[in-house]
S.K.: 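Sending over a structure as structure tokens; questions will come in a sec.
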Amino acid sequence: SLDAEAGYVLFDLETGRGIAANVDARVFSASSIKAPYALFLCETHLDAGSLDPDEEDDVRALVEAAVSESDNDAYHALRDRFAGLAFGAWLDEQGIGEDFSREQYTPYYTARESALLWLRMFDYLGSDAPSAPWLGGLLENARVSFMRHAIADGAVDVVSKAGWLDGEGDEDGFCDSGIVTEDGHAYLLTVMTSLPYSPEVEYSFEALVQAVWNARGDIAA
């Protein structure tokens, strides 16, 4: 048995029905935070036209590396560049409380908070915002998606961002969150755990993702 916190949310974005467990367990985000941060940059900088063309190209290249390849150097460069109060104010808008650190580059957060952020992502990706198709493509083609690997045995499309780290204690995290669309029907799925990453633990994590996903029949109206 693995001694770890685990929380999850599966939410039918059409009916509003869902299942959830342990939604306020606060776990290490690892790289899963890169998707909400990319959304923040798209909404507040890339779509706002506040960057000159060269800087915009540079920021887009860094976002692409951070999301598609989970590149930590690219993500840290973005956080260094856009340090300050704006991200905190954006989190406030999403109803994310102060227990979610505004300063830590890889904060601890909960399945409830992840679900709120991915609801915002779902709305954004479905909008006519200039960067929405681009960000959706990055998330759909992210090199690592445990969620996609766990459930992509049917007619599903997955946009997600995983996080995984064996931090040898406090910074253990294994998470994946995203939007899964099956035959045109969209679900929000987030699984947040304090499991330490290892190839062996990957099987356990993907089994949990699959079990939560398989419960979608139980929440059908």
Side-chain angles (χ1 to χ4, degrees), residues 4 6-14 18-21 27-39 42 63-72 74-75 106 109 111 113-126 131-166 173-219:
Y8 63 79
V9 175
L10 176 66
F11 185 76
D12 186 322
L13 288 158
E14 294 184 28
I19 59 167
V27 302
F28 185 64
S29 61
S31 291
S32 67
I33 189 61
K34 292 169 184 170
Y37 192 73
L39 174 59
C42 285
V63 170
E64 183 166 351
V67 172
S68 297
E69 299 298 324
S70 209
D71 185 292
N72 289 327
Y75 173 64
T106 42
Y109 68 135
E113 291 166 342
S114 176
L116 284 171
L117 292 166
W118 276 90
L119 275 173
R120 177 73 166 216
M121 181 74 81
F122 176 71
D123 289 342
Y124 179 79
L125 296 180
S131 299
W134 172 74
L135 180 58
L138 297 183
L139 293 163
E140 188 172 6
N141 296 296
R143 185 171 56 83
V144 175
S145 171
F146 303 106
M147 185 183 298
R148 186 186 307 122
H149 192 251
I151 64 179
D153 55 354
V156 299
D157 294 309
V158 178
V159 293
S160 77
K161 181 69 192 82
W164 63 99
L165 185 69
D166 178 0
F174 206 148
C175 313
D176 208 347
S177 305
I179 306 297
V180 184
T181 306
E182 180 182 47
D183 297 327
H185 197 107
Y187 299 83
L188 187 156
L189 176 59
T190 181
V191 179
M192 308 279 291
T193 81
S194 61
L195 290 166
Y197 175 76
S198 73
E200 294 76 26
V201 171
E202 190 174 321
Y203 290 108
S204 300
F205 181 81
E206 290 189 358
L208 175 57
V209 171
Q210 199 162 33
V212 176
W213 173 244
N214 288 343
R216 68 196 181 285
D218 299 336
I219 63 173

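Fair warning: this is a prediction, and the values are worked out from it, not measured in the lab. Only this structure's heavy atoms are used, side chains among them; waters, hydrogens and symmetry mates stay out.
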S.K.: Apply ring pair (Phe, Tyr, Trp, His ring centres under 6.0 Å) to His149 and list each qualifying residue two or more places apart in sequence or on a separate chain.
M.R.: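 Partners of His149 under the ring pair (Phe, Tyr, Trp, His ring centres under 6.0 Å) test: none.
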S.K.: For Tyr8, check side-chain hydrogen bond (donor to acceptor under 3.5 Å, both in side chains) against everything at least two apart and list the hits.
M.R.: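 By the side-chain hydrogen bond (donor to acceptor under 3.5 Å, both in side chains) rule, Tyr8 matches no residue at all.
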S.K.: Suppose we screen for side chain to side chain contact (heavy atoms under 4.5 Å, CB included). Which residues come up paired with Ala186, at least two apart in sequence or across chains?
M.R.: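 Partners of Ala186 by the side chain to side chain contact (heavy atoms under 4.5 Å, CB included) criterion, ordered by chain and then number, come out as Leu13, Phe122, Ile179, Thr181.
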S.K.: Name all pairs fulfilling the salt bridge (charged side-chain N to carboxylate O under 4.0 Å, His left out) condition that reach into residues 193-210, sequence neighbours left out, sorted by first residue then second.
M.R.: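 For residues 193-210, and leaving out neighbouring residues, there are no salt bridge (charged side-chain N to carboxylate O under 4.0 Å, His left out) pairs at all.
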S.K.: With a 4.5 Å cut-off on side-chain heavy atoms, are Ile219 and Leu10 touching?
M.R.: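 With C-beta onward as the side chain, the pair touches.
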S.K.: List, one per line, each side-chain donor-acceptor pair under 3.5 Å for residues 131-141, sequence neighbours excluded.
M.R.:
residue : atom : partner : partner atom : Å
Ser131  : OG   : Asp47   : OD1          : 2.6
Ser131  : OG   : Arg60   : NH2          : 3.0
Asn141  : ND2  : Gly137  : O            : 2.9

S.K.: What residues, two or more places apart in sequence or in another chain, satisfy ring pair (Phe, Tyr, Trp, His ring centres under 6.0 Å) together with Tyr187?
M.R.: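 Ring pair (Phe, Tyr, Trp, His ring centres under 6.0 Å) check on Tyr187 returns His185, Trp213.
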S.K.: Give the minimum heavy-atom separation between Ala4 and Leu195, together with the two atoms involved.
M.R.: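 Shortest heavy-atom separation between Ala4 and Leu195 comes out as CB-CD2, 3.6 Å.
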S.K.: Stepwise, does the side chain to side chain contact (heavy atoms under 4.5 Å, CB included) test hold for Trp164 with Val201?
M.R.: CA-CA 10 Å; Trp164 63 99; Val201 171; over 6 Å; no
S.K.: Run Leu119 and Phe11 through side chain to side chain contact (heavy atoms under 4.5 Å, CB included) and show every step you take.
M.R.: CA-CA 10 Å; Leu119 275 173; Phe11 185 76; 4.2 Å; yes
S.K.: Drop me the distance from Gln210's CD to Ile151's CD1, to the nearest 0.5 angstrom.
M.R.: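 Reported value, rounded in 0.5 Å steps: 8.5 Å.
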S.K.: Sequence neighbours excluded, which residues qualify as salt bridge (Lys or Arg N to Asp or Glu O under 4.0 Å) partners of Arg148?
M.R.: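 Counting only residues at least two positions away or on another chain, Arg148 forms no salt bridge (Lys or Arg N to Asp or Glu O under 4.0 Å).
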S.K.: For the pair Val27 and Thr193, evaluate side chain to side chain contact (heavy atoms under 4.5 Å, CB included) and give the outcome as yes or no after the intermediate values.
M.R.: CA-CA 6 Å; Val27 302; Thr193 81; 5.8 Å; no
S.K.: Do the side chain of Ser32 and the main chain of Ser29 share a donor and acceptor less than 3.5 angstrom apart?
M.R.: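 Yes; at least one donor-acceptor contact below 3.5 Å.
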S.K.: Hey, does Glu182 have a side-chain heavy atom less than 4.5 Å from the side chain of Arg216?
M.R.: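 Arg216 reaches Glu182 side chain to side chain.
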S.K.: Would you give the length of the straight line joining atom NZ of Lys161 to atom CG of Leu117, rounded to the nearest 0.5 angstrom?
M.R.: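 It is 14.5 Å, given to the nearest 0.5 Å.
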S.K.: On the 0 to 90° scale, with breaks at 30° and 60°, tag the Phe146-Tyr197 ring pair as parallel, tilted or perpendicular.
M.R.: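 Ring orientation of Phe146 relative to Tyr197: tilted.
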S.K.: Which residues pass the side-chain hydrogen bond (donor to acceptor under 3.5 Å, both in side chains) test with Lys34, not counting sequence neighbours?
M.R.: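 Checked Lys34 against side-chain hydrogen bond (donor to acceptor under 3.5 Å, both in side chains); matches are Ser31, Ser70, Asn72.
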S.K.: With Tyr75, which residues qualify under ring pair (Phe, Tyr, Trp, His ring centres under 6.0 Å), at least two apart?
M.R.: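 For Tyr75, the residues satisfying ring pair (Phe, Tyr, Trp, His ring centres under 6.0 Å) (neighbours in sequence not counted) are Tyr37.
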S.K.: Taking only residues two or more places apart in sequence, or in another chain, which ones meet Phe28 in a ring pair (Phe, Tyr, Trp, His ring centres under 6.0 Å)?
M.R.: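 Partners of Phe28 under the ring pair (Phe, Tyr, Trp, His ring centres under 6.0 Å) test: Tyr108.
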S.K.: Measuring only between side-chain heavy atoms, which start at C-beta, is Leu125 closer than 4.5 Å to Val159?
M.R.: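 Yes, at least one pair of side-chain atoms sits under 4.5 Å.
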S.K.: Run the side chain to side chain contact (heavy atoms under 4.5 Å, CB included) test against Ser177 and tell me which residues pass, sequence neighbours left out.
M.R.: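 Result, side chain to side chain contact (heavy atoms under 4.5 Å, CB included) vs Ser177: Ser114, Trp118, Thr190, Met192.
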S.K.: Under the side-chain hydrogen bond (donor to acceptor under 3.5 Å, both in side chains) test, which residues partner Ser160, sequence neighbours left out?
M.R.: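 By the side-chain hydrogen bond (donor to acceptor under 3.5 Å, both in side chains) rule, Ser160 matches Ser145, Asp176.
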S.K.: To the closest 0.5 Å, what do you measure between CG (Leu165) and SG (Cys175)?
M.R.: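 So the gap between those two atoms works out to 10.0 Å.
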